[in-house]
Amino acid sequence: MPELPEVETTRRGIAPHLTGHGVADVIVRHPRLRWPVPRGLAGKLRGHAINAVERRAKYLLLRFDHGTLILHLGMSGSLRLLEAATPAGKHDHFDLVLDGGRALRLTDPRRFGAVLWTRDDPQQHELLRDLGLEPLGGEFTADYLHAGTRKRKAAIKLVIMDSKVVVGVGNIYASEALFRAGIHPSRAAGSLSRERCARLATAIKEVLNAAIEQGGTTLRDFTGGDGKPGYFAQELRVYGRAGEPCVTCGTLVKSTRHGQRATYYCPRCQR
DNA sequence: CCCAAGACCTGGCGGC
DNA sequence: TGCCGCCAGGTCTTGG
């Protein structure tokens, strides 16, 4: 579920309910996520307040005075706010119980998500330290993308999904951004002109921003019972549409694979 | 350094 | 209905 737009939408949804609130308890029902959930979190966090909820790439950062709780939703994770007494389901692995009786609950069937703690600057954490630029930031430009792809022979789709280059472009948005930019997903990254890098950087920003707006409309209620997305499926132009006509030219959308992930593209519009 | 493949997990689906 | 293989929105790790 979580691509960058959903993580950002989640952040916006939960932040007002967490910021300034104290932690009453931490419940770990299943400590074996992507990495083991650190032991003793309850003792560390009880009585401390959350100062801010930030995002770096697809990591959510819950800032405390004495450290940062780092959350990742993996492939199948979601967060919602509910009454702490709500019975836990099979995949409800982690609760951050707040003062006042509510809790932030992590649900994650595949357990590729993560809950980590650092006392230090989270940007220097080993998982975050070497990440590339935020796609929606001002530094992510045509020049940056052009320079960063010069020596890369790999398919451009793989390169824009490489978190050391730019973060947050997941499998869906990689196909969508390349379609909007008119670039074939298999094209060698280093063969793209500066002009086409400009179109691609713009397309990435546009598709992510559009999806965040969509997420904002369908995921606004994080205090409700259901944190499920559902969102922008109707906005997708190529993803999941193999065999259907291209929305631009009518040619049938094709699918292929890059790095064991499904890729969708229009063989006529994308070169 | 770059790149492809493997690894971690569970659940849903289509086919037989 | 049951079983099997395949697929799934991520990303770290490994081996060439």
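Since the model is a prediction, treat every value here as computed from it, not as a measurement. In what follows, every chain begins at residue 1, and chains take the letters A, B, ... in the order their sequences are listed.
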With a non-hydrogen cut-off below 4.0 angstrom, is [X] in contact with a base, only sugar-phosphate, or nothing?
| X | answer |
| --- | --- |
| A:Lys164 | nothing |
| A:Gly170 | sugar-phosphate |
| A:Lys151 | nothing |
| A:Leu73 | nothing |

If I take atom [atom1] in residue [X] and atom [atom2] in nucleotide [N], what distance separates them, rounded to the nearest angstrom?
| X | N | atom1 | atom2 | answer |
| --- | --- | --- | --- | --- |
| A:Gln260 | C:dT11 | CD | P | 16 Å |
| A:Arg32 | B:dC9 | CZ | C1' | 11 Å |
| A:Asp108 | B:dC8 | CG | P | 16 Å |
| A:Leu60 | C:dG10 | CG | P | 15 Å |
| A:His72 | C:dT11 | NE2 | C1' | 7 Å |
| A:Asp130 | C:dT11 | CG | P | 15 Å |
| A:Lys58 | C:dG9 | NZ | P | 10 Å |
| A:Leu33 | B:dC9 | CG | C1' | 11 Å |

Legend entry - Nearest-nucleotide comparison on DNA chain C, the residue closer to the 5′ end among A:Ala262 and A:Leu131: A:Ala262
Using side-chain heavy atoms (C-beta onward) and a distance below 4.5 Å, is [X] in contact with [Y]?
| X | Y | result |
| --- | --- | --- |
| A:Thr68 | A:Arg63 | yes |
| A:Arg34 | A:Arg111 | no |
| A:His93 | A:Val37 | no |
| A:Leu127 | A:Ile70 | no |
| A:Phe64 | A:Leu69 | yes |

Should [X] be listed as having a side-chain N or O under 4.0 Å from OP1 or OP2 of [N]?
| X | N | answer |
| --- | --- | --- |
| A:Arg111 | B:dT10 | yes |
| A:His91 | B:dG11 | yes |
| A:Arg257 | C:dA8 | yes |
| A:Arg110 | C:dA8 | no |
| A:Tyr173 | C:dG10 | no |

Legend entry - Base C:dA8 paired with A:Arg261 side chain (donor-acceptor, <3.5 Å): no
Inset, instruction - Indicate whether A:Phe112 forms a stack on C:dT11; treat it as stacked only if centroid distance is below 5.5 angstrom and interplanar angle below 30 degrees. - result: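 No; by the centre-distance and plane-angle rule, A:Phe112 does not count as stacking on C:dT11.
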Legend entry - Parallel, tilted or perpendicular: rings of A:Tyr239 and A:Tyr264 (30°, 60°): perpendicular
Legend entry - Sub-4.0 Å heavy-atom contacts from residues 179-191 of chain A onto DNA chain B, ordered by number: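 None, since no heavy atom is under 4.0 Å.
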Inset, instruction - Run through A:Leu128, A:Val53, A:Thr118 and flag the one making a side chain to side chain contact (heavy atoms under 4.5 Å, CB included) with A:Leu61. - result: A:Leu128
